[in-house]
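Have a look at the structure below, then the notes.
Worth saying up front: this structure is predicted, and the values here are computed from it rather than measured. Chain naming here is simple, since letters A, B, ... match the order of the sequence lines and numbering starts at 1 in each.
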2 protein chains.
Amino acid sequence: MVKKTPGRPRQGESLTRERIIEAAIELLDLSGEEGLTFRALSERLATGPGAIYWHIANKSDLMAAACDAVVARTMHESVIVTTPEQTIRAVALGLFDAIDEHPWVGSAITSSVGLSPLVRILEHVGQQIRALRLPDAQQWSAVGTLMAYILGVSKQNAANGQFARTRGLDRSDFLEAVSTAWSELDPKEYPFVRSVAGQFREHDDRIDFITGIDLILKGISSPGHRSGSRSKRAATPHSFVSPDKRASG
Amino acid sequence: MVKKTPGRPRQGESLTRERIIEAAIELLDLSGEEGLTFRALSERLATGPGAIYWHIANKSDLMAAACDAVVARTMHESVIVTTPEQTIRAVALGLFDAIDEHPWVGSAITSSVGLSPLVRILEHVGQQIRALRLPDAQQWSAVGTLMAYILGVSKQNAANGQFARTRGLDRSDFLEAVSTAWSELDPKEYPFVRSVAGQFREHDDRIDFITGIDLILKGISSPGHRSGSRSKRAATPHSFVSPDKRASG
DNA sequence: ACCTGAACACCGTTCAAGT
DNA sequence: ACCTGAACACCGTTCAAGT
């Protein structure tokens with residue numbers, strides 16, 4: 001809401017919303033969401049805590065703005081390549097890496113809902129889906145599935161990285177630790193987890209990530225794929241979906 | 001770590017880890033993560049804030065325990081039905097609804113990594129995947145993709161619900177509001193988002209959710225699906241994945 | 001062994017007072 | 001119009017002191 005007034009001559013020094021957001025991103029990258037305090041921020045900006053409130057409404061406004069700045073930058077960097085599928089992979093990986101570098105973005109993005117960051121991603125991915133020329137009714141479910149997958153995996157991956165970092169482990173230490181823990185679980189209760197412990201130790205998140213993207217893209221473009229809401233026979237194949245569950249206060 | 005000592009006769013009154021976790025879940029359901037404070041909790045349990053620390057290490061321990069209790073309950077309720085695919089759908093919907101009812105579980109579950117809640121889900125979903133008799137090398141990527149999708153969508157759905165509730169909207173109000181906001185975006189910058197605004201207004205999250213599950217299940221069982229890490233030609237088709245990106249402090 | 005509750009070191013946010 | 005910084009109402013957590 002607050003715009004830069006060009007009245008003041010010395011633009012480099014004055015406190016602006018942009019400078020605050022940049023400093024916030026630095027603090028968030030340095031020490032996560034709990035590291036971002038108005039006191040630390042105002043110290044870094046050589047001002048008082050109250051001054052920030054002239055430019056920013058509150059902490060969640062600040063988090064949302066910082067998140068949006070990172071997402072906007074990432075979307076800007078993902079240029080269109082050869083095919084829609086390739087572009088989707090590139091955008092997905094761009095987000096994966098951005099959230100890996102800025103893990104706090106993962107949690108901040110969820111609460112932005114219809115707002116800027118999610119809409120930016122939706123538009124970018126959606127334009128590629130449109131290029132696939134699906135029936136209109138299938139576009140929403142295709143984009144929705146992809147978005148959920150991209151953000152879901154990216155966030156979990158970033159959380160794993162943070163978890164490891166907190167415990168002073170590097171990636172292979174982390175994989176080793178989890179894999180060992182899994183193989184020591186009760187064989188009666190956790191047969192499957194034990195059986196994939198080895199695969200987990202050797203897996204590569206980025207490769208698995210695009211494997212999943214490809215899997216979804218294949219499902220989207222396969223001829224049998226039908227959208228739930230618009231198909232002729234309504235939702236009868238999913239009749240076990242109790243519809244009353246949806247009614248909540 | 002602390003076990004109930006059966007020395008004291010009156011078991012109903014004494015403060016136990018279980019009672020604390022139950023009270024925490026009630027507070028979390030009532031007013032979210034910010035509503036859970038040690039003061040409110042100790043008041044509800046008719047004790048002092050310090051007493052809780054005898055049974056619980058700290059707040060994140062408490063959050064993890066509350067999260068695990070909800071997930072364990074949910075997994076316990078999801079019984080095996082006819083086919084592996086149907087069971088996966090049932091487990092997925094069980095989690096979807098549980099996270100919808102307890103939105104705080106969505107954010108708490110991410111940071112549990114190799115620990116109980118994610119492992120419980122992994123085992124439940126994994127046992128069904130095993131029943132599909134995929135090649136060993138594909139099991140991890142199949143389960144990983146499904147898990148990421150299930151949690152990703154459930155969490156975003158819960159966040160949307162919270163967003164709506166905060167603003168005093170019911171589901172149709174929320175859909176209407178977002179849909180309207182989207183259709184008012186700049187047509188040059190957001191052509192796709194504008195074009196799906198109508199579909200968004202009429203979509204049903206639960207139906208779209210299982211549509212996505214079916215889509216992934218189809219991709220998994222289709223013959224062309226290959227695991228990234230074990231395929232003969234390594235990752236050459238994804239050569240645009242810069243491998244050095246992974247090296248981080 | 002378990003509980004009490006005051007105290008400590010922080011938070012986000014406000015607001016009279018300054019320029 | 002913008003900034004200052006003390007003050008307010010909270011937090012999570014600790015710990016001497018009790019039973």
### Task
Using the side chain to side chain contact (heavy atoms under 4.5 Å, CB included) rule, take A/R44 and A/L30 through it: C-alpha gap first, then chi angles, then the decisive distance, then the call.
CA-CA 13 Å; A/R44 187 173 266 254; A/L30 213 66; 3.9 Å; yes

### Query
If you take all heavy atoms of A/A197 and A/S179, which pair is closest and at what distance?
O-OG, 2.9 Å

### Query
With B/F200, which residues qualify under ring-ring contact (aromatic ring centres under 6.0 Å, His included), at least two apart?
A/W140, B/W182, B/H203

### Task
Of all the heavy-atom pairs spanning B/I88 and B/Q128, show the shortest one and how long it is.
CG1-CB, 3.5 Å

### Task
Applying salt bridge (charged side-chain N to carboxylate O under 4.0 Å, His left out), name anything that partners A/D61, two or more places apart in sequence or on another chain.
A/R17

### Query
Nearest-Å distance, CD1 (B/I20) to C1' (C/dC2)?
11 Å

### Task
Start with the C-alpha gap between A/E123 and B/E189, add the side-chain angles, then the distance that decides, and say whether side chain to side chain contact (heavy atoms under 4.5 Å, CB included) holds.
CA-CA 8 Å; A/E123 181 64 34; B/E189 240 182 316; over 6 Å; no

### Query
Which residues satisfy the salt bridge (charged side-chain N to carboxylate O under 4.0 Å, His left out) test with A/R194, sequence neighbours excluded?
none

### B/W54 side chain near C/dC2 phosphate (N/O to OP1/OP2, under 4.0 Å)
yes

### Task
Send over the distance from B/L15 CG to C/dA1 C1', rounded to a whole Å.
13 Å

### Query
What is the per-nucleotide protein-contact pattern of nucleotides 6-19 of chain C, from the 5' end, where B denotes a base atom under 4.0 Å from a protein heavy atom, S denotes such proximity for sugar-phosphate atoms only, and - denotes neither?
-B---BBBBB----

### Message
Using a 3.5 Å limit on both distances, find every run of at least three consecutive Watson-Crick or G-U pairs that involves DNA chain D.
### Response
C:4-8 with D:12-16, C:12-16 with D:4-8

### Query
Once you round it to whole Å, what is the distance between C1' of C/dC3 and CG of B/L45?
13 Å

### Message
Going by the rule ring-ring contact (aromatic ring centres under 6.0 Å, His included), which residues pair with B/F209 if we only count those two or more places apart in sequence or in a different chain?
### Response
B/F96, B/Y149

